[in-house]
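Let me begin by presenting the structure, written as structure tokens, before commenting on it.
Basis for what follows: all heavy atoms, side chains included, without hydrogens, waters or symmetry-related copies. Chain identifiers are assigned alphabetically (A, B, ...) following the order of the sequence lines, protein sequences preceding nucleic acid strands; residue numbering begins at 1 within each chain.
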Amino acid sequence: MPGPRVRIAPSPTGYFHVGTARTALFNWLYARQHAGSFILRIEDTDRARNVAEHTEGIQRSLRWLGLDWDEGPWFQSERTDLYADAVAKLVSADAVYACDCTPEQVAARARQRGGPPGYDGHCRDRRLEPGPGRILRFRVPDGGVTAFYDLVRGEVSSPNGAIEDFGVRKSNGEPLFILANAVDDADMAISHVIRGEDHVPNTPKYLLLWDALGYGEHPSFAHLPLLLSESRQKLSKRRDKVAVEDYRDEGYLPEALRNYLALLGWSPGRDREILTLDEMVAEFRLEDVKSAGAIFDERKMQSVNAEYLRALDPSLFVDRAQSWLRARWEPVGPLVQERARTLGEVFSMVDFLFLSHPTIDAEDWARGVRRQPAFAAILDAAAEAYTDVDWHAEALKSATAAAGERAGVPQLAKAQAPVRLAVTGRSVGPPLFESLQQLGRQRTIERIRAGRRRLDPATPKGPQPGA
RNA sequence: GGCCCCAUCGUCUAGUGGCCUAGGACAUCACCCUCUCAAGGUGGAGGCACGGGUUCGAAUCCCGUUGGGGCUGCCA
């Protein structure tokens, strides 16, 4: 008697997101509760947008959160034969047709109609031969309604007339999300599709495809409420700070993050909030998940984390803090080792990695500013250069050298000084580029900007003399 | 614009027709404790979006309005 089969299907196009983590958690809870299988599938069909580093990040984040998977990771990029077979089936059933309209043409016609954007079915009856340069589109029925039952939302339906002829295979032959997604769910015998609410509009298309491919009984669906930013918009990788690993680096405990995430859209009831994983597994009910979006509130998450921290056995707390501290400076350890005369000196060499704002040594700073007329120009150039450089020591070195040249200071030794002062607060310390690599892009650039502001004549605070 | 979804304190939520004078947590304010800060304790302020129904009775059911969100890609 096999249990349910669920999956988390992230795409490696960005850092692993707290929203994805919440979806993964709910899938995982469901699988564990029903002795089912939790499957990891990497949706990397869009080769142009994939970043290998993110594939690693997905797995690291999942493991860190304790969400172990039973199968996978499967990579869609390695399953292209499956999609090709499905496409062949769709073609021979005349469920899809080839279309050679460019996106520009589609948009232009939509503008001309003055109607809504979207594809107008232009090539529906042109009977073009499928092939390179031609996208394959699904022939959506003109009439009728596609409906499904959602474990969270109840009955959901939409008229087929509102669904345009969506693409299933790109003109370069790559499968599109909706196709790969449905084919894989069928192939992997997924019984419950538990995913974000943003996929609700995809579900009718998925079902149309599913039926056209003759896959039989539909999986069950549960669309989870979206995690929102403070502005009530869907949490976005671009706008918001959302990477799970950022929170790890800030010192959140995985069990605390997990607990907080569980509370978004679900509640164990009876006024309880802190609960163990076992309790969650025992009590979680998809049917009890709310359907309204939830704002991701970092302050609340902090208080949950604080509660977990306090509950730790003191010696365990020291251990946990220790390993966090250690992870922060360990990468520059060997570099510090060469320079420290006593262990006591280690601290002042790495303190900048821990402080939210570096302690600026007033004398070093004043001397640095005095000696380098292009101080400000170098900081500006560096901040700009660091914005989209590969965040590795070697690349940072070239970027800094280039920034120096742009500021009229071709010697790296001189060009690095203002950056070092702004970022570490001192004129001496471990090698700069490895230090920056460890500090991270965001904090580095923030500090350079702060250094830049420090250079500007102080803005008068109190009443102006004589005013 | 079209389609879809949603609606309890600022935020996360409890609530599934009478137990609701709507409970808890975060945040916030006051006080207590206290060498500081936390933690803890006590108390305060703060919400059922609005309008119609249904019902003896509605935060809970129905309809509408308003508001918010998602989707509308040869992204996933």
Side-chain angles (χ1 to χ4, degrees), chain A residues 9-14 17 20 41-50 76 98-107 110 113-119 132-137 145-148 150 152-164 166-181 195-205 223 225-235 237 260-274 287-307 309-311:
Chain A
S11 76
T13 53
H17 195 277
T20 317
R41 183 171 81 216
I42 309 286
E43 307 224 324
D44 56 351
T45 49
D46 188 2
R47 294 198 48 227
R49 299 206 322 154
N50 292 332
Q76 290 192 323
C99 161
D100 62 0
C101 300
T102 64
E104 293 72 32
Q105 290 169 333
V106 172
R113 290 197 302 277
Y119 186 66
R134 289 172 180 175
I135 183 176
L136 247 27
R137 292 182 180 278
V145 166
T146 300
F148 64 97
D150 189 294
V152 170
R153 272 148 232 282
E155 207 68 44
V156 179
S157 69
S158 62
N160 291 334
I163 305 173
E164 63 180 51
F166 56 90
V168 303
R169 190 185 70 181
K170 297 193 212 179
S171 58
N172 68 5
E174 281 179 15
L176 250 359
F177 159 76
I178 198 84
L179 196 250
N181 194 249
R195 56 185 357 176
E197 186 194 345
D198 46 348
H199 284 295
V200 169
N202 285 328
T203 307
K205 303 181 193 173
H223 287 96
L226 254 20
L227 259 35
L228 275 21
S229 69
E230 263 171 273
S231 62
R232 296 213 144 274
Q233 309 263 301
K234 177 167 93 156
L235 230 41
K237 287 177 187 169
Y260 174 65
L261 252 19
L263 265 18
L264 263 17
W266 178 71
S267 161
R270 286 185 287 144
D271 295 339
R272 292 167 310 147
E273 290 194 323
I274 304 296
E287 294 74 11
D288 292 342
V289 172
K290 301 221 326 171
S291 37
I295 292 179
F296 183 80
D297 181 2
E298 211 171 322
R299 284 178 309 184
K300 173 80 177 187
M301 180 168 69
Q302 251 168 32
S303 95
V304 171
N305 198 59
E307 203 157 334
L309 247 20
R310 286 193 299 269

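- With sequence neighbours left out, the side chain to side chain donor-acceptor pair (under 3.5 Å) criterion links A/Ser158 to no other residue.
- Defined by atom type and a distance below 3.5 Å, a donor-acceptor pair is present between the side-chain atoms of A/Arg195 and A/Asn181.
- Separating the C1' atom of B/rU8 from that of B/rC50 is a span of 15 Å, rounded to the nearest Å.
- Taking atom CG of residue A/Leu179 and atom P of nucleotide B/rA76, one finds them 11 Å apart after rounding to whole Å.
- You'll find that the side chain of A/Lys234 is closest to B/rC71, out of B/rG69, B/rC71, B/rC26.
- Remark: P of B/rC12 and CD of A/Glu273 are 13 Å apart, rounded to the nearest angstrom.
- The CD1 atom of A/Ile178 sits 13 Å away from the P atom of B/rC75 (whole-angstrom rounding).
- Not one N or O on the side chain of A/Tyr260 forms a donor-acceptor pair closer than 3.5 Å with the backbone of A/Phe296.
- A donor-acceptor contact under 3.5 angstrom links the side-chain atoms of A/Ser171 to the base of B/rC74.
- Listed nucleotides B/rA76, B/rC26, B/rC74 differ in distance to A/Asp46; the shortest reach to its side chain belongs to B/rA76.
- Using C1' as the reference atom, B/rU16 and B/rU72 are 35 Å apart when rounded to the nearest Å.
- If you check B/rU21 for Watson-Crick or wobble pairing at under 3.5 angstrom, you find it has no partner at all.
- Taking atom P in both B/rU66 and B/rA30, the straight-line distance is 42 Å, to the nearest Å.
- Comparing A/Ala9 and A/Met301 by the nucleotide of RNA chain B whose heavy atom lies nearest to each, the residue mapping closer to the 5' end is A/Met301.
- Taking atom C1' on both nucleotides, B/rA45 is separated from B/rU36 by 28 Å, rounded to a whole Å.
- Rounded to a whole Å, the CD1 atom of A/Ile274 is 17 Å from the P atom of B/rG24.
- Nucleotides B/rA38 and B/rU28, compared at atom P, are 10 Å apart to the nearest Å.
- Atom P of nucleotide B/rU72 and atom CZ of A/Phe177 are separated by 10 Å, given to the nearest angstrom.
- Spacing between atom CZ of A/Phe166 and atom P of B/rC75 amounts to 15 Å, rounded to whole angstrom units.
- Listed nucleotides: B/rA27, B/rA76, B/rC6. Nearest to the side chain of A/His199: B/rA76.
- When the side-chain nitrogen and oxygen atoms of A/Lys170 are compared with OP1 and OP2 of B/rC75, one or more of them lie within a distance under 4.0 Å.
- In a base pair of the Watson-Crick type (N1 to N3 plus N6-O4 or O6-N4) or a G-U wobble (N1-O2 and O6-N3), with each distance short of 3.5 Å, B/rG1 is matched with B/rU72.
- Minimum atom distance to the side chain of A/Val156 is reached by B/rC4, of the listed B/rG69, B/rC4, B/rA76.
- Remark: A/Arg153 engages A/Glu197 in a salt bridge, criterion side-chain N to carboxylate O under 4.0 Å.
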### Message
Go through it in stages, so that I can follow the logic: the residues are A/Thr13 and A/Asp46, the test is side-chain contact (heavy atoms from CB on, under 4.5 Å), and I'd like the CA-CA distance, side-chain angles, deciding distance and then a yes or no.
### Response
CA-CA 9 Å; A/Thr13 53; A/Asp46 188 2; 5.9 Å; no
Identify the pairs formed between an N or O of the protein and an N or O of nucleotides 13-22 of chain B at a distance under 3.5 Å, and give each distance.
residue: B/rU13; atom: OP1; partner: A/Gly265; partner atom: N; Å: 2.4
residue: B/rU13; atom: O2'; partner: A/Ser267; partner atom: OG; Å: 3.4

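- B/rC50 is paired with B/rG64 under the Watson-Crick or G-U wobble criterion, all donor-acceptor distances under 3.5 Å.
- Checking the phosphate oxygens (OP1, OP2) of B/rA76, a side-chain nitrogen or oxygen of A/Thr45 falls inside 4.0 Å.
- Heavy atoms of A/Glu164 sit under 4.0 angstrom from primed sugar atoms or phosphate atoms, though from no base atom.
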### Query
For A/Val168 and A/Leu176, what are the C-alpha separation, side-chain angles and deciding distance, and is it a side-chain contact (heavy atoms from CB on, under 4.5 Å)?
CA-CA 5 Å; A/Val168 303; A/Leu176 250 359; 5.5 Å; no
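- Nucleotides B/rC20 and B/rA59 place their C1' atoms 9 Å apart, quoted to the nearest Å.
- As the counterpart of B/rC37, no nucleotide is assigned, since no Watson-Crick or G-U wobble pattern has both distances under 3.5 Å.
- Contact between the side-chain N/O atoms of A/Gln233 and the OP1/OP2 oxygens of B/rG69 is found at a separation under 4.0 Å.
- Figure legend. B/rC26 is base-paired to B/rG10; pairs are counted as Watson-Crick or G-U wobble with both atom distances under 3.5 Å.
- B/rG15 and B/rG23 are spaced 9 Å apart, taking the C1' atom of each and rounding to whole Å.
- The shortest distance between side-chain heavy atoms of A/Thr45 and A/Lys170 does not fall below 4.5 Å.
- In this entry the distance linking OH of A/Tyr260 with P of B/rC12 reads 8 Å, nearest Å.
- Judged by distance alone, with hydrogens and angles left aside, A/Asn202 brings a side-chain donor or acceptor within reach of the base of B/rA76, the pair sitting under 3.5 Å.
- For the P atoms, the distance from B/rC37 to B/rC29 is 14 Å, rounded to whole Å.
- Note on A/Arg232: a side-chain N or O is less than 4.0 Å away from OP1 or OP2 of B/rU11.
- If you take NZ of A/Lys300 and C1' of B/rA27, they are 10 Å apart, rounded to a whole angstrom.
- Heavy atoms of A/Gly167 sit nowhere under 4.0 angstrom from any nucleic acid atom.
- Of the candidates B/rC3, B/rG70, B/rA27, B/rC3 carries the atom nearest the A/Pro159 side chain, counting heavy atoms from C-beta on.
- Rounding to the nearest 0.5 Å gives a distance of 13.0 Å between NZ of A/Lys300 and CG of A/Asn305.
- Side chain of A/Arg153, nearest nucleotide from B/rC74, B/rA76, B/rC6: B/rC6.
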